[in-house]
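The structure appears right after this line, and notes come after that.
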Amino acid sequence: DGGITQSPKYLFRKEGQNVTLSCEQNLNHDAMYWYRQDPGQGLRLIYYSQIVNDFQKGDIAEGYSVSREKKESFPLTVTSAQKNPTAFYLCASSNRAGTVRYEQYFGPGTRLTVT
Amino acid sequence: DAKTTQPTSMDCAEGRAANLPCNHSTISGNEYVYWYRQIHSQGPQYIIHGLKNNETNEMASLIITEDRKSSTLILPHATLRDTAVYYCIVRVPSSGDKLTFGTGTRLAVRP
């Protein structure tokens with residue numbers, strides 16, 4: 001059964017701690033993305049990766065870091081430098097640029113609460 | 001990527017057609033129109049996309065005006081499960097693979 005998995009669904013952390021959110025896909029997609037969503041807002045792009053061992057900053061990368069050591073995995077670390085880390089985090093994947101259909105498939109999301 | 005404008009919220013009766021408009025007056029010739037939806041607390045779901053011709057799939061129809069400055073997503077027989085936020089996005093597939101999500105239209109389907 002192909003898809004994107006994110007774990008855990010809910011995550012609670014104390015302020016000042018780094019936390020890593022997991023994202024795995026078995027769709028054989030080259031590109032992967034991380035978005036953040038705040039209540040009542042649209043999605044904002046944090047980081048994206050078009051190929052293994054390469055990634056680019058999105059619109060709100062400050063306080064976040066990523067790695068792309070495997071095609072299937074794109075973990076996101078929320079560092080203590082992120083001022084407002086409490087949010088709903090969504091991971092997505094897609095085929096490479098240039099494919100017109102270009103659907104992004106999204107995972108179920110991780111809701112992070114930092115107190 | 002071109003900016004889009006959508007109404008903040010809409011409602012329709014169950015079983016009726018839901019017509020969701022989107023304005024994209026600054027769209028360029030090589031930008032496509034994509035629609036996604038997000039049911040509460042879930043990840044967004046792709047619905048449909050088009051360039052200039054009208055498109056239909058098992059989920060919805062997409063009507064794009066001849067000048068391409070606006071489009072309408074049509075859910076022909078809305079059900080309660082169609083209650084969601086609907087996002088209209090315009091982009092060039094080669095522009096770095098990024099999707100820019102605005103605040104979308106919150107569609108409420110009434111029983």
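Proteins get letters first, then strands, A, B, ... in listed order; numbering begins at 1 in each.
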**Q.** Contact residues of residues 101-111 of chain B (partner chain A; heavy-atom separation under 4.5 angstrom)
**A.** B:Phe101, B:Gly102, B:Thr103
[X]-[Y] co-clustered via ILVMFWY side chain contacts under 4.5 Å:
X	Y	answer
A:Tyr64	A:Tyr48	no
B:Ile89	B:Ile63	no
A:Met32	A:Leu27	no
A:Ile60	A:Tyr33	no
A:Ile46	A:Tyr35	no

Q) Does NZ in A:Lys9 sit with more than 12 non-hydrogen atoms of other residues, nucleotides or ligands closer than 6.0 Å? A) yes
Q) Does A:Gln104 offer a backbone N or O that forms a donor-acceptor pair with the side chain of B:Tyr36 under 3.5 Å? A) yes
Q. By a 4.5 Å heavy-atom criterion (distance strictly below it), what part of A:Arg111 contacts chain B: side chain, backbone, both, or neither?
A. side chain
Q: For residues B:Pro44 and A:Leu90, report the shortest heavy-atom separation together with the two atoms involved.
A: CD-CD1, 3.9 Å
Q | Nearest non-hydrogen partners of B:Tyr87 and A:Gln37, listed with the distance | A | OH-NE2, 3.3 Å
Q. What distance separates A:Phe88 CZ from B:Gln42 CD, expressed to the nearest 0.5 Å?
A. 8.5 Å
